[in-house]
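Heavy atoms only: backbone and side chains are in, while hydrogens, waters and symmetry mates are out. Here the structure is a predicted model, which is why all the values come from computation and not from measurement.
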Amino acid sequence: MTPLPRFHRLPAERQEAILAVARAHFAEHGPAAASYNKIIEAAGFSKTAAYQYFDGREDLLAAVLDDVLDRLLGVLGPWAPARDEADFWARLEAGSHALVAHLGAHPDDLALADAAVGRAQGDVWLAWFGAVVEDGQRLGFIRTDVAPALLVGATAAVMRAADEWALGALRAAPPERSPARAVPGGEQVWSLLRGLWSGGADAGAGRAH
């Protein structure tokens with residue numbers, strides 16, 4: 001599901017304003033409970049006009065979640081080839097810290113991140129992890145004895161589980177906590193990845209200190 005062509009013909013700032021209103025409502029009330037009528041009223045157009053832009057509530061929700069995913073991927077940026085293994089882990093950790101900082105500063109994205117990543121199904125989200133895995137293989141520390149699609153899928157699954165855990169920790173964090181601070185326990189995630197990528201023999205390889 002995607003917005004109707006007329007939505008994409010709106011000025012960019014109007015599109016962003018509509019999605020921002022909808023994002024706030026879905027974040028506050030939940031993707032399953034937010035009222036479509038209240039969203040379109042808050043966005044400043046009639047129900048008749050709304051159906052010129054979206055087929056309905058689920059279409060609008062899909063647009064919002066796609067936008068949240070784009071925002072998260074924009075924070076990560078495209079994966080650039082690392083100089084060496086230490087640089088690889090430093091970049092991966094920097095991306096994780098940037099994502100945590102963004103989510104800490106944008107509670108609407110934080111509230112909808114699970115649904116957005118879950119909706120991704122693979123395509124663009126898996127493509128990012130595919131670039132990471134391919135780079136690690138080029139550098140010689142990620143295994144090559146597993147089918148690429150399986151290894152990338154397993155990597156994304158580990159990070160998906162880590163995301164859910166980290167997002168839960170972020171939601172439970174006290175308000176005074178700095179949004180730029182990493183979620184505690186990040187070392188556990190890197191250990192899981194090292195084990196997956198090395199075939200289970202962690203032996204101290206991985207992130208440089």
Problem set entry | Geometric class of the F7/F54 ring pair [parallel <30°, tilted 30-60°, perpendicular >60°] | tilted
For this session: Indicate the atoms forming the closest heavy-atom contact of L4 with D59, along with that distance.
Result: N-OD2, 4.3 Å
Seminar exercise, completed: Rounded to the nearest 0.5 Å, the CG atom of L65 sits from the CG atom of L19 at a distance of 10.5 Å
Seminar exercise, completed: side chain to side chain donor-acceptor pair (under 3.5 Å) pairs touching residues 31-47, sequence neighbours excluded, are N37-K47
Problem set entry | salt bridge (Lys or Arg N to Asp or Glu O under 4.0 Å) involving R57 - partner list, sequence neighbours excluded | none
For this session: Output all residues satisfying salt bridge (Lys or Arg N to Asp or Glu O under 4.0 Å) with D87, sequence neighbours left out; order by chain, then residue number.
Result: R83, R91
Exercise. Is there a side-chain contact between H8 and P3, using heavy atoms and a 4.5 Å cut-off?
Worked result: yes
For this session: Would you name the heavy atoms of P31 and L112 that are closest together and state the gap between them?
Result: CG-CD2, 3.9 Å
Exercise. For the residue pair W89 and W197, does the interplanar ring angle fall in the parallel (under 30°), tilted (30 to 60°) or perpendicular (over 60°) class?
Worked result: tilted
Seminar exercise, completed: Heavy-atom nearest pair, D108 first then A24, reads OD2-CA, 3.5 Å
Problem set entry | R14 side chain near F45 side chain, heavy-atom distance below 4.5 Å | yes
For this session: Grab the two heavy atoms, one from S96 and one from W190, that are nearest each other, plus how far apart they are.
Result: CB-CH2, 4.0 Å
Problem set entry | Contact list for residues 15-24, test side chain to side chain donor-acceptor pair (under 3.5 Å), sequence neighbours left out | R23-D67
For this session: To the nearest 0.5 angstrom, please state how far the CD atom of Q137 sits from the OG1 atom of T144.
Result: 6.5 Å
Problem set entry | CA sep, side-chain torsions, deciding dist, call: R143, V146, side chain to side chain contact (heavy atoms under 4.5 Å, CB included) | CA-CA 7 Å; R143 62 195 302 174; V146 176; 3.5 Å; yes
Seminar exercise, completed: Taken in chain and number order and not counting sequence neighbours, the residues that satisfy side-chain contact (heavy atoms from CB on, under 4.5 Å) with A42 are V21, H25
Exercise. Measuring from D66:CG to R71:CZ, what's the distance to the nearest 0.5 Å?
Worked result: 13.5 Å
Problem set entry | Closest heavy-atom pair and its distance - L126, V152 | O-CG1, 3.6 Å
For this session: Using the side chain to side chain contact (heavy atoms under 4.5 Å, CB included) rule, take E134 and F129 through it: C-alpha gap first, then chi angles, then the decisive distance, then the call.
Result: CA-CA 8 Å; E134 184 177 358; F129 286 107; over 6 Å; no
Identify all side-chain donor-acceptor contacts of residues 73-82 below 3.5 Å with residues at least two apart in sequence or on another chain.
unit_1 : atom_1 : unit_2 : atom_2 : d
W79    : NE1    : D135   : OD2    : 3.0

For this session: Flag the pair R194 / S191 as yes when at least one side-chain heavy-atom distance between them is below 4.5 Å, and no otherwise.
Result: yes
Problem set entry | Whether E85 side chain and F141 backbone form a donor-acceptor pair below 3.5 Å | no
Exercise. Roughly how far, to the nearest 0.5 Å, is the OG1 atom of T155 from the CG atom of L196?
Worked result: 4.5 Å
Exercise. More than 12 non-hydrogen atoms from neighbouring residues, nucleotides or ligands closer than 6.0 Å to CZ on R138, yes or no?
Worked result: yes
Exercise. Hey, are the side chains of L60 and Y53 touching, using non-hydrogen atoms and a 4.5 Å cut-off?
Worked result: no
For this session: Might you point out which heavy atoms bring M159 and V189 nearest each other, and give the distance in Å?
Result: SD-CG1, 3.9 Å
